[in-house]
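Remember, it's a predicted structure, so these values are computed and weren't measured experimentally. As a basis for the values below, the full set of heavy atoms in this structure was taken, side chains included, without hydrogen atoms, waters or symmetry mates.
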Amino acid sequence: MLCARNRKEAAVSQLARRSRPYEAPMKNDRWLLNVVAPNFEPDTVGGAGEVMIQLTENFLRLHPNLRIYLNENAATFFPQWRGRVVEIRTGKMRGNATKAAAMLRLGVSGKGLPREGVTWFPFGTMLPFHFNGKGVVTIHDTLDRDFPRCVSFLERNFRRFMIPRTVKRCAVVTSSQFSQERIRRYYGVESTVIPLAPIPLPPAAPAIVPATPYVFYAANAWPHKNHEFLLRMWREDARLREIPLVFTLGSGLGALGPSIALCKAHGVEIHITGRLFRSQLLLYYQSALCSALPSLYEGFGLTAQESLLANCPALVSDRASLTETLPSNYPYVLPLETKIWTETILALRIAPKQRFREWASGTTWAETAAKYLEVLDEART
């Protein structure tokens with residue numbers, strides 16, 4: 001319990017330090033903007049959660065007439081938002097079942113949710129279920145349709161019920177042309193593509209990393225992340241066994257436990273870090289031979305940009321939106337063929353150092369937030 005409390009306090013501190021002084025507001029700051037995210041759990045934040053944080057921080061600078069609807073746990077992580085947060089009492093939401101039950105109660109009752117202004121729903125579905133106001137929803141991916149087995153039964157069925165209702169009542173924003181095409185195919189609606197900016201990493205914090213340059217994969221154990229591809233490479237080619245594998249797997253090993261054990265039995269050095277703070281991520285990228293993203297599916301692929309910002313080469317698969325995330329001439333977008341990945345990784349061991357950060361996107365979160373505000377402004381008219 002003490003360890004968990006210390007970890008939360010450190011997370012709160014890091015999130016608070018990311019706040020900056022607010023800039024001058026936009027001229028149209030008179031209308032009310034609501035950010036409705038009672039299902040947000042910052043201590044298990046993923047890519048969509050990081051996007052929500054970055055956009056909200058910039059909305060506060062560009063459009064200060066803002067209310068942020070968070071559950072009582074999430075609200076404690078953002079002391080810098082005090083005065084703008086409206087706490088929604090959801091109770092404990094640990095585990096898929098309790099979280100689904102809490103969102104079901106809130107969706108039916110609508111208790112505490114806004115009844116005026118323009119509302120942004122960052123996580124794909126509107127709340128309450130009977131919402132009939134002016135709203136914009138962000139749908140980063142259609143994973144539940146493209147890879148249904150990669151999504152839990154409860155979440156899959158919640159999306160199947162709620163997203164068709166949501167897209168009929170809200171304008172839709174997505175982060176890639178790939179996702180735009182999928183949304184059109186599955187839901188018959190048009191969406192606005194607003195590419196995401198790289199999420200900045202704070203100065204590196206002390207962390208224990210392997211002494212030998214390694215291949216780093218910052219991802220949870222969801223099947224579409226395709227860790228099995230890397231594990232198979234290391235089992236099949238003895239040359240790779242001189243290079244450690246480092247996985248974060250912040251939500252646990254999932255179904256990867258047996259494959260990881262088999263690799264270790266073949267002499268593969270595998271490190272599992274668990275969830276890392278963003279200040280620790282920088283050191284892990286900087287100490288790596290390269291990062292890997294052999295994913296079968298991504299709505300955008302923020303970790304590739306994250307790696308490049310740390311000047312670490314990112315090897316990414318040629319699937320889904322990942323080809324949009326990087327410049328068309330980026331040299332390390334690779335087909336999912338083990339031989340190609342193996343030879344590329346081995347070649348990096350003797351390759352001269354390059355300025356990989358020059359491949360990172362130059363888009364800023366202020367620019368992304370300004371484009372969102374244009375869509376939100378249009379939704380209110």
> Do the charged groups of Glu116 and Arg67 touch, with an N to O distance under 4.0 Å?
Replying inline: yes
> Looking only at atom types and distance, does a side-chain atom of Tyr297 sit under 3.5 Å from a main-chain N or O of Thr142, one as donor and one as acceptor?
Replying inline: yes
>> With a 3.5 Å distance limit and no angle check, can you tell me whether Gln280 reaches the backbone of Phe277 through a side-chain donor-acceptor pair?
In response: yes
> Just wondering, do Cys150 and Trp222 contact through their side chains at under 4.5 Å, heavy atoms?
Replying inline: no
> Side chains of Leu33 and Leu376: does their closest heavy-atom pair fall under 4.5 Å?
Replying inline: yes
> Parallel, tilted or perpendicular for Phe216 and Tyr285, by the 30°/60° rule?
Replying inline: perpendicular
> Do Phe247 and His227 have ring centroids that are under 6.0 Å from one another?
Replying inline: yes
> Transitively linked via ILVMFWY side-chain contacts under 4.5 Å: Phe147 with Ile163?
Replying inline: no
> Any side-chain heavy-atom pair from Thr248 and Tyr217 closer than 4.5 angstrom?
Replying inline: no
>> Between Leu308 and Leu326, does the side chain to side chain contact (heavy atoms under 4.5 Å, CB included) criterion hold? Intermediate values first, please.
In response: CA-CA 10 Å; Leu308 294 174; Leu326 299 159; 3.3 Å; yes
>> Salt bridge check, Arg159 against Glu155: does any charged N sit closer than 4.0 Å to a carboxylate O?
In response: yes
>> For Trp341 and Phe229, take the angle between the two ring planes, folded into 0 to 90°, and tell me which bin it lands in: parallel under 30, tilted 30 to 60, perpendicular over 60.
In response: perpendicular
> Is the shortest heavy-atom distance from the side chain of Asn34 to the side chain of Tyr69 under 4.5 Å?
Replying inline: yes
> Under a 4.0 Å N-O cut-off, is there an ion pair linking Glu87 with Arg89?
Replying inline: yes
> Any side-chain heavy atom of Thr212 sitting closer than 4.5 Å to one from Ile243?
Replying inline: no
> Taking the side chain from Arg319 and the backbone from Pro335, do they hold a donor-acceptor pair closer than 3.5 Å?
Replying inline: no
>> So which atom in Thr174 and which in Gln180 form the shortest heavy-atom distance, rounded to 0.1 Å?
In response: CG2-N, 3.7 Å
>> For Phe129 and Phe158, take the angle between the two ring planes, folded into 0 to 90°, and tell me which bin it lands in: parallel under 30, tilted 30 to 60, perpendicular over 60.
In response: tilted
> Mind checking whether Glu41 and Asn73 have side chains closer than 4.5 Å, heavy atoms only?
Replying inline: yes
>> I need the minimum non-hydrogen distance between Pro213 and Pro244, along with the two atoms involved.
In response: O-CD, 3.5 Å
>> Centre-to-centre under 6.0 Å for Tyr332 and Trp359, is that the case here?
In response: no
> Judged by atom type as modelled, is there a donor-acceptor pair below 3.5 Å linking the side chain of Asn220 to the main-chain atoms of Ser251?
Replying inline: yes
May I have the list of side-chain donor-acceptor pairs in residues 187-211 shorter than 3.5 Å, sequence neighbours left out?
unit_1 : atom_1 : unit_2 : atom_2 : d
Glu190 : OE1    : Arg184 : NE     : 3.4
Glu190 : OE1    : Arg184 : NH2    : 3.2
Glu190 : OE2    : Arg184 : NE     : 2.8

> Between Lys264 and Glu269, is the closest basic N to carboxylate O distance under 4.0 Å?
Replying inline: no
>> So does Glu298 get a backbone contact from the side chain of Ser321, meaning a donor-acceptor N/O pair under 3.5 Å?
In response: yes
> Ion pair present between Arg278 and Glu306, side-chain N to carboxylate O less than 4.0 angstrom?
Replying inline: yes
> Do Arg160 and Asn157 have side-chain N/O donor and acceptor atoms under 3.5 Å apart?
Replying inline: no
>> For Trp120 versus Pro122, what's the shortest heavy-atom pair and its separation?
In response: O-CD, 3.5 Å
>> For a 4.5 angstrom cut-off between non-hydrogen side-chain atoms, does Leu346 reach Thr342?
In response: yes
> Got a salt bridge between Arg232 and Glu228, using NZ or NE/NH1/NH2 to carboxylate O under 4.0 Å?
Replying inline: no
> Taking all non-hydrogen atoms of both residues, which atom of Gln177 and which atom of Glu324 are closest, and how far apart?
Replying inline: N-OE1, 2.8 Å
> When you check the gap from the basic side-chain N to the acidic O, do Lys371 and Glu367 get nearer than 4.0 Å?
Replying inline: no
>> Do Trp365 and Val375 land in one hydrophobic cluster if side-chain heavy atoms of ILVMFWY residues count as linked below 4.5 Å?
In response: yes
